[in-house]
Amino acid sequence: MKESFDIAVFRGDGIGPEITDPTLEILNALASQGGYTLSFKDCPAGAAHYAQTGQSLPEASMQAARAADAILLSAMGLPSVRYPDGTEISPQIDLRKALNLFAGVRPVRIFPGQKTPLNMPAGKEVDFVLIRESTEGLFHTQGRGEVTPDEARETLLITRKTSELLFKFAFNLARERKEAGRGPGRVTCVDKANVFRAFAFFRALFDAEAANHPDLASDHAYVDAMALWFVQKPWEFDVLVTENMFGDILSDLGAGLMGGLGVAPSADIGLDHAVFQPCHGSAPDIAGQGVANPLAMILSAAMMLEWLGLRHDHPAMVADGARLRAATEGVIADGRVLTGDLDGRATTAEAAGAVTAALGRA
Ligand code: ATP
């Protein structure tokens, strides 16, 4: 069994390094007890790196990412540092495209005790996963849109190849969740098939994949209705799968339901590589103060352990991932050691320390 794993680490910009340090400490502690080794390779990249060197994603960092077993990324980009065309530095999007990370996995969890703008009926919990296609859709012409003085054009692309991989991934995830007792085994295709031919195509490919999984349920929803249902009845969903731009918007809505970006983890997964990173950006407004919430980054690291463990058939890593998630959720539910974004007063170090303490009790 593989026991040693190379992790490419992008510490990134803004609060990135502040939330990376305690996350790596927690991972090291878990690995030393779990009988596996995590070797972290630092990968310079991002807006500050671009400002210093003229390169946002150096070839050496790209190579380290390709060679690694998994990639852990905090946040990159700074509004004050831009390419000559005015767009922001976002190597995380370049990585998604270069490594063909088609499945953006965005779990949405709300459990008793968690701060949420929703009025949760007694006895209800939210536990669904939004899968955002992350390499095409309306981001296809990103940075290449045509703009004339009179009109602007971007092209939405849906391909059979990527959609088939995406839907297969979604049904497999629904099966894994069902087997783990976390969902009924249901996948919902979120689209706009009533208006756009491209989405009718997307839905037809979804239905074809659904037919291969008679043990799992499947249905469809229009994206506008889904935005409403996120607020009205989010406890009804299991696995949702959607196009890139729709997923971009819905995943921030999901983070809002969970109490904010500071607790929203994510993974971008392809056939050969995966990047794990919090949903939030580099939060330059609070960088350097030691008050950033590290929990979204820690939850992303938990997803990484589970993914590595499942991929390499390493049950201790899968168990550690689940333990780390549960410990972090415990800190959120307990509510005593939370950072300012969750109306608490804890520092980054104190919030991460609370997770370490909860792991010790688990
Ligand atoms: P991007 O476009 O790069 O995703 P963004 O414009 O959505 O970034 P963020 O950097 O995510 O912006 O920050 C949005 C707001 O949320 C800011 O006020 C920021 O301070 C806050 N925020 C984001 N992440 C955290 C965190 N981990 N802890 C505390 N506050 C955060």
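Quick note: residue numbers are just sequence positions, from 1. None of these values were measured; they are calculated from a predicted model. Side chains included, hydrogens not; waters and symmetry mates left out as well; all remaining heavy atoms used. In listed order, ligands and their atoms are each counted from 1.
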For atom 28 (N) of ligand 1, what is the closest protein heavy atom, and at what distance to 0.1 Å?
N293 N, 2.9 Å
Do you know which two heavy atoms are closest between A51 and V81, and how far apart they sit?
CB-CG1, 4.2 Å
Test item: protein heavy atom less than 4.0 Å from atom 15 (C) of ligand 1
no
So do the side chains of F128 and F230 get within less than 4.5 Å of each other, counting heavy atoms only?
yes
Can an N or O of A283 be found at a distance shorter than 3.5 Å from an N or O of ligand 1?
yes
I'd like to know if atom 5 (P) of ligand 1 has any protein heavy atom within a distance of less than 4.0 Å.
no
Could you check whether any side-chain heavy atom of N244 comes within less than 4.5 Å of a side-chain heavy atom of H140, counting everything from C-beta outward?
no
What protein heavy atom is closest to atom 3 (O) of ligand 1, reported as residue, atom name and distance in Å?
G281 CA, 3.5 Å
Top protein contact for atom 29 (C) of ligand 1, by heavy-atom distance:
I286 CD1, 3.5 Å
Among non-hydrogen protein atoms, atom 18 (O) of ligand 1 lies closest to D285 OD2, 2.9 Å
I'd like to check atom 10 (O) of ligand 1 in this structure: does the protein have a heavy atom lying under 4.0 Å from it?
yes
Just wondering, do L156 and E243 contact through their side chains at under 4.5 Å, heavy atoms?
yes
Subset of ligand 1 atoms that lie under 4.0 Å from at least one heavy atom of L261:
11 (O)
Using a 4.0 Å cutoff against the non-hydrogen atoms of I15, which atoms of ligand 1 qualify?
26 (C), 27 (N)
Contact partition for I19 relative to ligand 1, non-hydrogen atoms under 4.0 Å:
neither
Below the 3.5 angstrom mark, is there an N/O of P284, backbone or side chain, next to an N/O of ligand 1?
no
Measure up the F199 and F246 rings against each other and bin them: parallel (under 30°), tilted (30 to 60°), perpendicular (over 60°).
parallel
Verify the ring-centre separation between Y50 and Y83: is it less than 6.0 angstrom?
yes
Centres of the F40 and F5 rings: under 6.0 Å?
no
Flag the pair R175 and D215 as a salt bridge only when some basic side-chain nitrogen lies within less than 4.0 angstrom of an acidic carboxylate oxygen.
yes
Which bit of S282 is near ligand 1, meaning a heavy atom under 4.0 Å away: side chain, backbone, both or neither?
backbone
Answer yes or no: is there an ion pair linking D69 with K2, defined by an N-O contact shorter than 4.0 Å?
yes
